[in-house]
Student: 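For reference, the structure I am asking about is given below.
Labels below follow one simple rule: chain letters A, B, ... track the order of the sequence lines, proteins then strands, and each chain is numbered from 1.
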Protein chains: 2
Amino acid sequence: MKISSKCEYACLALIYLAEHFGDGLVKIQSIASTKKIPKKFLEQILIVLKQRGYVKSKKGASGGYRLALPPDKITLAEVIRLMDGALAPVESVSKYFYEPTPIEQEERLLGVFREIRDYVAARLERITFRDLISGGRSGESGPRSGKKTARSSG
Amino acid sequence: MKISSKCEYACLALIYLAEHFGDGLVKIQSIASTKKIPKKFLEQILIVLKQRGYVKSKKGASGGYRLALPPDKITLAEVIRLMDGALAPVESVSKYFYEPTPIEQEERLLGVFREIRDYVAARLERITFRDLISGGRSGESGPRSGKKTARSSG
DNA sequence: TTTAAAGTCTACTAAATATATAGACAAACT
DNA sequence: AGTTTGTCTATATATTTAGTAGACTTTAAA
């Protein structure tokens, strides 16, 4: 799991949109300048987020973007997987992006990586964009609400 | 943290050398063919491991490589950091490889990544190459020996 | 003392990935 | 009609990854 700039930008944009959830449409330009994201790069990112259903847009003057879902319905895990692929450190050990890698035969090593994948996935799946905005509940306190032992790894 | 092929090869080579610890020198060629690693690539990797003091070598006919330390003195964390850099998902949150990234200002997000870094680092620092060879203790049972709450993150 | 078998060193290359940028086009509002 | 905003496709550039090539050095055995 290595987060790319593209993925960081996607998170920043979603945080911005989450902070303005309910306020109507916001323009790419204001996301870009507020969060310091190259505008044309951001456009491409937003299209991906739109295709996946996280945001909606409207064209034309007075157009813009908004979240398609409430911030607490979008998890960090989903967004990182969408932008960067597997959360696992090696694809041999990825549920959603499996691919053979050189260490394929080393069961001990794979076991370690599987464990890390499970932790990382579980942690990121518990974080939503509501947890990431100032004013939202903190990721430390809140997650007790909801399924307690849910371990949906990936 | 995304493990490169180079790093996977380094781990495979060290596992092989750990399996032959005490048996004298082994040739690059046998590591390469047993573990299916491109030989010339492996040469470069072994030089890095040698510079860092994990292996020793001898030139000439009947030359070869051996571990410079017992397998339980080399941790997975060290090797991954050496080959791939930071264990953290973003460098903003890396202890040993800090660098600013776009999410620099998002404290909530950084907090999540810091937590992941801490877990990953602590986990990988508890695994040694003794744990990774067949016949070695398993990474699940043994680590109780030694400092219990040691959280040397990075 | 030559020769062969190793490791060492430096350079190069090819492909993939990451990080954008450019510009024409389409829709919506005024 | 004209301006503003999002959309789409292509291109560009840089970096990283994953190797390959070949000359050089050291060691031991013939």
Student: Shoot me the first and last contacting nucleotide of DNA chain C against chain B, ordered 5' to 3', at under 4.0 angstrom to non-hydrogen atoms.
Tutor: C:dA5 to C:dA11

Student: Short question: side chain of A:R123, backbone of B:V112 - any donor-acceptor pair under 3.5 Å?
Tutor: no

Student: Verify the distance criterion only: is there a donor paired with an acceptor across the side chains of A:S92 and A:E104 at less than 3.5 Å?
Tutor: yes

Student: Quick one: pull up CD1 in A:I103 and OG in B:S5 and give me the separation to the nearest 0.5 Å.
Tutor: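 The distance works out to 10.0 Å.
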
Student: So, are B:R81 and B:E78 salt-bridged, with charged N and O less than 4.0 Å apart?
Tutor: no

Student: What integer distance in Å separates B:F41:CZ from D:dT20:P?
Tutor: 9 Å

Student: What string of B, S and - do you get for nucleotides 6-15 of chain D, 5' to 3', if B is base contact, S is sugar-phosphate-only contact and - is no contact with any protein heavy atom under 4.0 Å?
Tutor: SBB-B-----

Student: OP1 or OP2 of D:dG19 less than 4.0 angstrom from a side-chain nitrogen or oxygen of B:Y9, does that happen here?
Tutor: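 Yes, such a contact exists.
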
Student: Could you check whether the rings of A:Y119 and B:Y119 sit parallel, tilted or perpendicular, using 30° and 60° as the cut-offs?
Tutor: parallel

Student: Can you name the residues that form a salt bridge (Lys or Arg N to Asp or Glu O under 4.0 Å) with A:K50, not counting sequence neighbours?
Tutor: none

Student: Any ion pair linking A:R114 and A:E107 (charged N to carboxylate O, less than 4.0 Å)?
Tutor: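 Counted as a salt bridge, because a side-chain N and a carboxylate O are separated by less than 4.0 Å.
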
Student: Which is more 5' along DNA chain C, the nucleotide nearest A:S62 or the one nearest A:P38? Just name the residue.
Tutor: A:P38

Student: Under the 3.5 angstrom rule, does the side chain of B:R52 hit a backbone N or O of B:L82 as a donor-acceptor pair?
Tutor: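 The answer is no, because no donor-acceptor pair under 3.5 Å joins these two groups.
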
